[in-house]
Amino acid sequence: MTKLLTDHTPAPAAPGRVDTARVAELYRELLAALGQDPRREGLRDTPERVAAWWEEFLDHDPGRTDTVFAQDLDAATETMVVVRGIGVWSLCEHHLLPMRLHLAIGYRPAGQVLGLSKFARIAAAHAHRLQVQERIVDGIARDVAAATGSEDVGVVADGEHLCMSMRGVRQPSARTVSVSFTGAFETVLGDRLLAVASGSSR
């Protein structure tokens with residue numbers, strides 16, 4: 001179940017700018033190919049609305065993700081900081097359908113702590129792309145490690161994938177859990193983070 005961060009594949013480059021005019025044109029063609037009349041009242045402005053959504057989603061700016069504060073902490077302890085309950089929407093790159101992820105992110109401070117809002121910003125930066133869940137947790141772990149200077153980072157994602165809930169096997173209750181652990185999280189801290197993520201530890 002545990003996958004080490006060092007096993008991940010390189011993260012893809014950030015997407016380019018969205019050509020909204022071309023996207024709207026393509027959606028108009030798609031509607032016609034689906035047997036719909038893109039000129040009728042309910043669909044007349046739909047291509048432009050969808051194109052604007054794609055631009056909003058893919059050109060998302062999460063803001064600063066690297067604000068840290070110096071703290072006099074004992075690196076030899078197993079103290080960890082965990083932010084759980086972070087929710088993000090992303091898009092499955094295999095079917096272009098949404099996935100909803102609930103995240104718990106933890107790390108062991110190494111002389112400095114990351115501003116709490118930055119966890120959500122880092123998660124959003126990775127979610128606003130065409131993605132797979134495994135790559136999201138790897139990317140978040142990598143960025144948290146870079147921002148904090150800590151080698152001990154853990155990320156747990158519990159996801160609902162509409163490509164499984166509303167199509168194919170149609171299992172709306174199915175959830176996918178992915179983890180990315182490094183350092184001390186490969187052992188006891190990983191177990192603790194999983195407990196916190198599942199809500200069994202307060």
Side-chain angles (χ1 to χ4, degrees), residues 1-15 57-91 93 99-159 175-202:
M1 182 178 182
T2 300
K3 181 164 69 67
L4 305 186
L5 185 62
T6 52
D7 293 337
H8 66 68
T9 56
F57 180 77
L58 291 175
D59 289 346
H60 175 77
D61 180 8
R64 287 201 59 178
T65 60
D66 58 354
T67 303
V68 294
F69 305 94
Q71 291 288 328
D72 184 16
L73 298 170
D74 185 355
T77 70
E78 289 189 349
T79 299
M80 69 174 175
V81 176
V82 178
V83 179
R84 71 174 184 178
I86 297 173
V88 295
W89 285 97
S90 190
L91 280 180
E93 65 181 24
M99 53 178 158
R100 174 67 167 168
L101 305 184
H102 295 277
L103 298 158
I105 306 171
Y107 73 105
R108 189 171 68 168
Q112 57 187 8
V113 294
L114 183 64
L116 294 179
S117 68
K118 308 312 174 188
F119 292 95
R121 294 182 185 277
I122 289 171
H126 288 277
H128 280 262
R129 303 178 186 180
L130 303 184
Q131 278 284 24
V132 295
Q133 182 169 324
E134 295 79 7
R135 195 162 63 219
I136 290 175
V137 295
D138 270 351
I140 293 171
R142 182 173 56 250
D143 284 0
V144 170
T148 61
S150 175
E151 297 180 353
D152 307 315
V153 176
V155 180
V156 179
D158 184 309
R175 298 293 182 270
T176 300
V177 176
S178 299
V179 303
S180 187
F181 291 159
T182 65
F185 281 87
E186 296 173 37
T187 54
V188 63
L189 288 189
D191 293 337
R192 293 179 185 175
L193 181 60
L194 286 169
V196 171
S198 67
S200 61
S201 177
R202 303 295 181 187

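Considering only heavy atoms from C-beta on, Leu189 stays 4.5 Å or farther from Leu193 through its side chain. The side-chain heavy atoms of Ile122 and Val144, taken from C-beta on, include a pair separated by under 4.5 Å. Residues Val156 and Val177 meet the side-chain proximity criterion, which asks for heavy atoms closer than 4.5 Å. In this structure the side chain of Ile105 never reaches within 4.5 angstrom of the side chain of Val82, judged on heavy atoms. Between Arg192 and Val188 there is a side-chain heavy-atom pair separated by less than 4.5 Å. Counting only heavy atoms from C-beta outward, the side chains of Leu58 and His128 never approach each other to under 4.5 Å. The side-chain heavy atoms of Arg135 and Glu93, taken from C-beta on, include a pair separated by under 4.5 Å. Using a 4.5 Å cut-off on side-chain heavy atoms (C-beta onward), Thr187 and Phe181 make no contact.
The only member of Ser90, Ser178, Ser180 that meets side-chain contact (heavy atoms from CB on, under 4.5 Å) when paired with Ile136 is Ser90.
Here Ala157 pairs with Leu103, Gln133, Val137 under the side chain to side chain contact (heavy atoms under 4.5 Å, CB included) rule; sequence neighbours left out. Every residue was checked against the side chain to side chain donor-acceptor pair (under 3.5 Å) condition with Glu151, not counting sequence neighbours, and none meets it.
The minimum heavy-atom distance between Val88 and Ala124, with the atom names listed, is CG1-N, 4.2 Å. Between Val196 and Arg84, the shortest heavy-atom distance links the atoms O-NH1, 2.7 Å. Contact record, Pro109 with Val81: CG-CG2, 3.7 Å, taken as the closest heavy-atom pair. Considering every non-hydrogen atom in both Gly149 and Ala110, the closest pair reads O-CB, 4.1 Å.
Residues His126 and Asp143 bring a donor and an acceptor atom of their side chains to less than 3.5 Å of each other.
We find the CG-CZ distance between Leu130 and Phe57 to be 7.0 Å, quoted to the nearest 0.5 Å. Summarising the geometry, atom CE belonging to Met80 is positioned 12.0 Å from atom OG belonging to Ser150; distances are rounded to the nearest 0.5 Å. In this structure, CG in Asp152 is found 4.0 Å from CZ in Arg108, a value given to the nearest 0.5 Å.
A ring pair (Phe, Tyr, Trp, His ring centres under 6.0 Å) check over residues 99-118, counting only residues at least two apart or in different chains, returns the pairs Tyr107-Phe119.
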